[in-house]
Each structure stands twice: as structure tokens, then as C-alpha cells.
Enquirer: 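Mind having a look at this structure? Questions to follow.
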Amino acid sequence: MVRTRKTLLLLLLISSLGCTTSPQFADSVFLNGKIYAGNVENAWVQSVAIRDGRFIYVGDNPSDLVGPATQTYDLGNKLVIPGLIDGHTHPGLVALTHDQLLLDDASNKDELMAAIKKMVDENPDRSEIIGGFWENEIFDAFGPNKKDLDEIESERPLILYDAWAHTVWANSAALKQANVTKDTPDLVPGFAFYQKNETGEPTGWITESAASVFMNNFLKITPEVEVVLKEYLDYFRSVGVTTVFDAGNFGLDREVYGAVARLDKRGLLPVRYHGSYTLYVPNDYEDAIKRLKQLGADFNSENVRIDTLKVFFDGVLETRTAAISNDYLDTPGNSGEALLNQEQIRDLVLALDEENLNLHVHAVGDRAVTTVLDGIESAHQSLGRVPKIRMAICHLEVVKVTDFPRFKKLNVVGNFTPHWWVGGEASWVEKGIGDAVNQMQRAQSLISDGALVTFSSDNTSVYEWQTQRSDPFLGMQMGHNRQDIGVPANGPVMPPLSDRVPRADLVNGYTGNAAYQLGRSDELGTIAVGHRADLLVLNQNLFEVDRYDIHKTKPQAVIVDGVLVSGSL
């Protein structure tokens, strides 16, 4: 190559400038730690260096990056992990339920009715009484009846969530205020319906999406709700969650994201916030992506991204509304139902791929899971390639063994909520699905087949938050043991025992895998050069402590984008 005299002079000038420029030192350096960088080639290092909110060094000796103004921290051999990501939760719903009432525990109908009467009597000044929770097995397959509630409260609306918050039990006053009559059609027969008696009158038992439509007559965002929303997100940050995925608000998405955006504009949003538009009503199918895009246009910012379509595809086993392959044993002729069919899922994937928007599907029953995977596979075939978007299926309570390897093949993420993995009494579910109750929520089986798995809290009520079910370290212990907190080693275990998840896989599920699910693995989830500098300094080594002490893990310091936001160093 011929170099002109002008080019040579320019090269000499650049060389001389390079010789005299001061080195670019780090803003902060962390030394002498046990740093788990994540599921990367060099998973364990001793030191990191940060500049301008990003990691510029990950290794064992960053001495060349320490300058006169560099803040240096000796970690004293403490464990450090990446900032955590909750891959499926509902902050808006938690805030909206902040003043809802809690029933005393009841194991039979007489105890339950006494608890309801006590709740009503203790709250004479409330214009509406909303609370929970009651067990589905107290009633038969036709659910509870409004007549029992009317005997206790006939003037004010009285609404009670079941234990899984997927159905509600309402009195006549509540049905009247929401304009639910014998002429009100079911949203999806066998899935989202208003239970009716032999004369066609609603009985007051309302399931799944229909329950959400009904409840929207009684829930609204208020200044008090916004205060609770901020407190809940602050809690997340204090336990090391730096990013959350809001898996939907069932008709109240715009109201919730408006509240989140107001926090963001005031500089008070304590976490990065990914949101979704919830497709839970069949009539919204045609406009779902348009509505999702509009939410993004209205609320997206540096800290807020509304970029995922959440499909509420089937129900739950407890109410016999999850879509399973065979009839429920105690309700012959009923195998649950689904919101959409395979072709509709395929078309959604194709449309989302074109718009570069993600998909997140609630699927509990094995037939629901198979249908969603079939739709995604059909989309692969139509595109002639793997969709470029992120696709996740959450809950996955019952999955066919033949579907396990399809998750990796189809690039589908499996999302689980490990604080549900409680051993012990499961007779109500067993009455519905038989021996399949011993093969539920098998995250480790998916991991063994090469799938990416993420973990989450899926909290929908303030009660769950108050009982620590939002704490990811509690989730890690329950995922590792498949036992509730406080249960001894010889206590009940959720079968199968082989699906206890190793600790590293749990941490990866709350970090790097979750970042992938959100489409942000290029900057979040692992401690790597160029990534945002999120890290947690922990009070104990969760990889080494007794398996029954993992939940005692707490961040001593939470660092986001290189800035200490909680705790101390």
C-alpha cells in the first residue's frame, strides 16, 4: 500500500497523541472477592473494575486500572453475584391489593363462613369488602354460591379470591354493581366463565379471565396504590433484584404502567422495568399487538420497556380450568380449555417477529403446553428460521416428557416459580389429575434437556410480599430442596426428588437466563466486560451454606450501573 507524505504525518500525530494521553482509570475497583460471573467461560474471578457504569475489567488483577481517584473496595472473600432479575411478577396487582382483607385459615365450610362473618363484622365502614383466601377443595366442582355470602352481607359488595387468585366468589350486591346477569356470556366456556345454576342465574363463582374482567369494576390506581407500588419495587431492590418483568395486569396495564412511568419521570423508579400487554380476552386477539405497541410508544424510556405480549392461555389445575390431555378425574367431560388455538399462536409469533416484540405465555396443563409449542414450531416452519424474538412459557405445571426436548429445539424459555414447590398434602390436585401430581413442575428435567430456564416470584397480592414470597433467595432454597421454608430434611418433598435444581442453575435462572428471556443478555445478567455494572455483595456464600439456610442470604450491598443503591460497602 502506498502511503503519501500527508498520511505519514497523520499517523505520526496519532502516535504521538497516544504516547502522551493519560491512561483511562476505573471509577471503582472491587478486589479479593469470590465473584461468580455467571454461566460464562471464566465463571469465577476475584476482581472487577467499573467505569461509567459498566464493567471494564473482570479477572484477578486490575492494578493497571487503579488511579488517584479510583475507589477501591476489599471484598474480604465475600461472595459476589450478578444483579438478579425476576422473570415474572405483578407489581401493579400487588399494589392494587394493598388494602384487601385476609381471612382466617379454614379447613371446612363452617370454619370458612365463620371467618367471612368475622371479616365483615370487623369492617363496618368499608363500602366494598374485598379479600381472600379460600381453598377450592371446600366446595364441589360447581364452586361456591352467592347465597352463602348474601346471608352475611346483602348490601355491600363482598368479593373473595380463592387461594390461587384465579377465581372469585361474589355476593349478589357485587354481581349487581358489575352488571353480571343471566344474559352475561362466558368469555371462554370451560375456562373463563360465570358459573350459573339450572335456571341460568349466576351463582357468584367467576373463573380466570372472567374474574379479571369482573374485578376491574372494583380496582383502580390511587395515590395510595402508587405509594405501595414504590415500596414494593424498593423491596425488590433491597433483596438484590435490579430488573423485573411485569407479566401483566389483566385490563389494567395502561393504568399500572402510567404509575410506573410517573415514578420514572420523577427519578424514583428503583429497578429496570419490563412490561407486557395481557391478551386474556378472546375478542382482543386481533388488536393485541397494536395495543402492545401503543403502550410502548406511550411509556417506554431508558428504564421502562413495554415489549412483550403476555398470553393468558389456560387456567389452573385447582379450578379444573388448565387444559390437560385427558378429562379431570372428578369432572368427567371436562379437560379444561384454552384461550387460543395452535394457528393463532403461530400467527402471533409471526406478527411479533416482524415487530421485534417478545412472547410470554401462561400455560399450566400439558395440552396447553403442547399446543403452544406446536404453534411456535409452525412459525419456525413458516419463517424458515428460528424467530429472532424471545419466547417463554411460564408455570409448566404438567408437561409431557416428549415435550421437554422441544424447548431447546424451538428456542423457548421455561419460566418457573419455585416458591410453589411445596411438598406435602396435594390430594385436591390428585383428585383431578391422579398420579400426574407426582410429576409436576420439572424445571431440572428441562435444564437436563438443554433448555434455558428462568425463575420468578409471580406475586399477585400484598400478602405474598408480606410473607417473603418475593425474595429470590427464598425461591432459590425452595427450588433447590422442593420443600417449604422451615421444613426439616426428613419433611415432605415435592416429587420427583430428581428435579431438585442445583444452586448454580438457580442463580443462572435468576440472572443470565432471565436477561436472555428479556432480550438483554448483551448487557445484563452476567459480570462481563461491557455489561452494565450490576452486582450483589452477599452476607454468606449461598453455594456453600447448608441447603436449609440458603433463604438467609441477604445482599450487604446492591450496586446498579456501578452505583451503590442499597446497603453499604
Side-chain angles (χ1 to χ4, degrees), residues 90 93-94 96-124 126 128-153 156-171 174 204-207 211 215 316-320 330 397 417-432 437 440-441 457-471 474-475 477-478 481-488 491-494 551:
H90 301 272
L93 299 183
V94 169
L96 284 162
T97 64
H98 76 96
D99 63 347
Q100 292 181 9
L101 301 169
L102 184 64
L103 287 166
D104 292 341
D105 290 339
S107 59
N108 57 57
K109 185 175 179 181
D110 288 342
E111 291 178 357
L112 177 57
M113 299 314 299
I116 296 169
K117 187 176 189 310
K118 177 184 174 185
M119 173 187 286
V120 172
D121 290 345
E122 290 178 348
N123 293 276
R126 291 197 177 214
E128 300 166 349
I129 299 176
I130 303 175
F133 302 93
W134 49 272
E135 298 292 342
N136 292 274
E137 53 263 45
I138 290 176
F139 303 96
D140 60 22
F142 299 100
N145 197 289
K146 64 184 178 182
K147 293 178 181 178
D148 293 319
L149 296 185
D150 290 345
E151 291 178 4
I152 295 174
E153 177 58 63
R156 298 175 292 172
L158 172 56
I159 306 165
L160 302 173
Y161 285 97
D162 77 334
W164 287 84
H166 277 252
T167 76
V168 295
W169 177 17
N171 69 351
W205 186 45
I206 310 170
T207 70
M215 286 306 301
V316 293
L317 298 169
E318 289 73 17
T319 57
R320 311 308 192 239
D330 55 352
E397 293 196 25
T417 302
H419 75 80
W420 294 353
W421 300 355
V422 181
E425 176 61 39
S427 60
W428 176 244
V429 175
E430 186 175 6
K431 287 178 181 177
V437 74
M440 292 176 59
Q441 305 208 35
S457 63
D458 193 20
N459 282 183
T460 59
S461 74
V462 72
Y463 172 73
E464 292 176 294
W465 170 25
Q466 292 169 346
T467 54
Q468 307 303 311
R469 299 291 160 158
S470 298
D471 187 339
L474 179 145
Q477 176 167 317
M478 295 184 69
N481 296 335
R482 293 177 75 87
Q483 293 174 289
D484 205 349
I485 301 300
V487 172
V493 178
M494 183 178 187
H551 75 285

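Heads up: numbering here begins at 1 and tracks the sequence.
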Enquirer: Restricting to ring pair (Phe, Tyr, Trp, His ring centres under 6.0 Å), what partner residues turn up for H419, sequence neighbours left out?
Expert: none
Enquirer: For R126 and I129, work out which heavy atoms get closest and say how close.
Expert: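 Smallest heavy-atom distance, with atoms named: CB-CG1, 4.4 Å.
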Enquirer: Measure up the Y463 and F133 rings against each other and bin them: parallel (under 30°), tilted (30 to 60°), perpendicular (over 60°).
Expert: tilted
Enquirer: Which heavy atom of R469 sits nearest to which heavy atom of D484, and what is that distance?
Expert: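 Shortest heavy-atom contact: NH2-OD1, 3.0 Å.
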Enquirer: Would the distance check show the side chain of E153 and the main-chain N or O of R156 forming a donor-acceptor pair, the cut-off being under 3.5 Å?
Expert: yes
Enquirer: For E318, does its backbone N or O pair with a side-chain atom of W428 as donor and acceptor, under 3.5 Å?
Expert: yes
Enquirer: Taking atom CG of L103 and atom CE of M113, what is their separation to the nearest 0.5 Å?
Expert: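 Reported to 0.5 Å precision, the distance equals 10.0 Å.
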Enquirer: Please enumerate all residues that pass ring pair (Phe, Tyr, Trp, His ring centres under 6.0 Å) together with W420, with sequence neighbours excluded.
Expert: W164, H395
Enquirer: Quick check on N123: does its CG atom have over 12 non-hydrogen neighbours (other residues, nucleotides or ligands) under 6.0 Å away?
Expert: yes
Enquirer: Return the minimal non-hydrogen interatomic distance between G432 and D330, and the atom names on each side.
Expert: CA-OD1, 3.7 Å
Enquirer: Rounded to the nearest 0.5 Å, what's the gap from CH2 on W421 to CD on Q441? Could you check?
Expert: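 Reported value, rounded in 0.5 Å steps: 7.0 Å.
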Enquirer: What pair of heavy atoms forms the shortest contact from S457 to S470, and how long is it?
Expert: CB-CA, 3.9 Å
Enquirer: Would a 4.5 Å heavy-atom cut-off, applied to side chains only, mark E128 and I159 as touching?
Expert: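 E128 vs I159: side chains apart.
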Enquirer: Looking at N459 and V94, what are the two nearest heavy atoms and their distance?
Expert: O-CG2, 3.6 Å
Enquirer: With side chain to side chain contact (heavy atoms under 4.5 Å, CB included) as the criterion, how do E122 and L101 come out once you've worked through the C-alpha distance, each side chain's angles and the decisive distance to 0.1 Å?
Expert: CA-CA 10 Å; E122 290 178 348; L101 301 169; over 6 Å; no
Enquirer: Does D148 reach the side chain of L112, with side-chain heavy atoms less than 4.5 Å apart?
Expert: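 Not in contact.
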Enquirer: How long is the straight-line distance from CG of L149 back to CD of E151, given to the nearest 0.5 Å?
Expert: 9.5 Å
Enquirer: If I take atom CD from residue Q466 and atom CD from residue E464, how far apart are they, to the nearest 0.5 angstrom?
Expert: 10.5 Å
Enquirer: Report the C-alpha separation of E397 and L317 in whole Å, then their side-chain angles, then the decisive distance to 0.1 Å, and conclude whether the side chain to side chain contact (heavy atoms under 4.5 Å, CB included) test is met.
Expert: CA-CA 9 Å; E397 293 196 25; L317 298 169; 3.6 Å; yes
Enquirer: If we only count heavy atoms from C-beta on, is the T460 to T97 side-chain gap below 4.5 Å?
Expert: no
Enquirer: Could you give me the CA-CA distance, side-chain angles and deciding distance for W169 and F139, then say whether ring-ring contact (aromatic ring centres under 6.0 Å, His included) is met?
Expert: CA-CA 12 Å; W169 177 17; F139 303 96; 5.2 Å; yes
Enquirer: Can you name the closest pair of heavy atoms from M478 and Q483 and give their distance?
Expert: CG-O, 3.4 Å
Enquirer: Would you find a donor on one side and an acceptor on the other, under 3.5 Å apart, between the side chain of E111 and the backbone of S107?
Expert: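 Judged by distance alone, yes, a pair lies under 3.5 Å.
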Enquirer: Does the N136 side chain pair with the main chain of A163, one donor and one acceptor, at a distance under 3.5 Å?
Expert: no
Enquirer: Using atom types as modelled and distance alone, determine if a side-chain donor or acceptor of D162 lies under 3.5 Å from a backbone N or O of T167.
Expert: yes
Enquirer: Name the residue from I152, I116, V120, L158 that meets the side chain to side chain contact (heavy atoms under 4.5 Å, CB included) definition with N171.
Expert: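 Among I152, I116, V120, L158, the one that satisfies the side chain to side chain contact (heavy atoms under 4.5 Å, CB included) with N171 is L158.
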Enquirer: First locate atom CG of L102, then atom CE of M119, and finally report the distance between them rounded to the nearest 0.5 Å.
Expert: 6.5 Å
Enquirer: Side chains of E425 and E430: does their closest heavy-atom pair fall under 4.5 Å?
Expert: no
Enquirer: Can you measure from CG (D458) to NE2 (H90) and round to the nearest 0.5 angstrom?
Expert: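 If I round to the nearest 0.5 Å, the distance is 4.5 Å.
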Enquirer: Quick one: do H551 and D471 satisfy side chain to side chain contact (heavy atoms under 4.5 Å, CB included)? Show the steps, please.
Expert: CA-CA 8 Å; H551 75 285; D471 187 339; over 6 Å; no
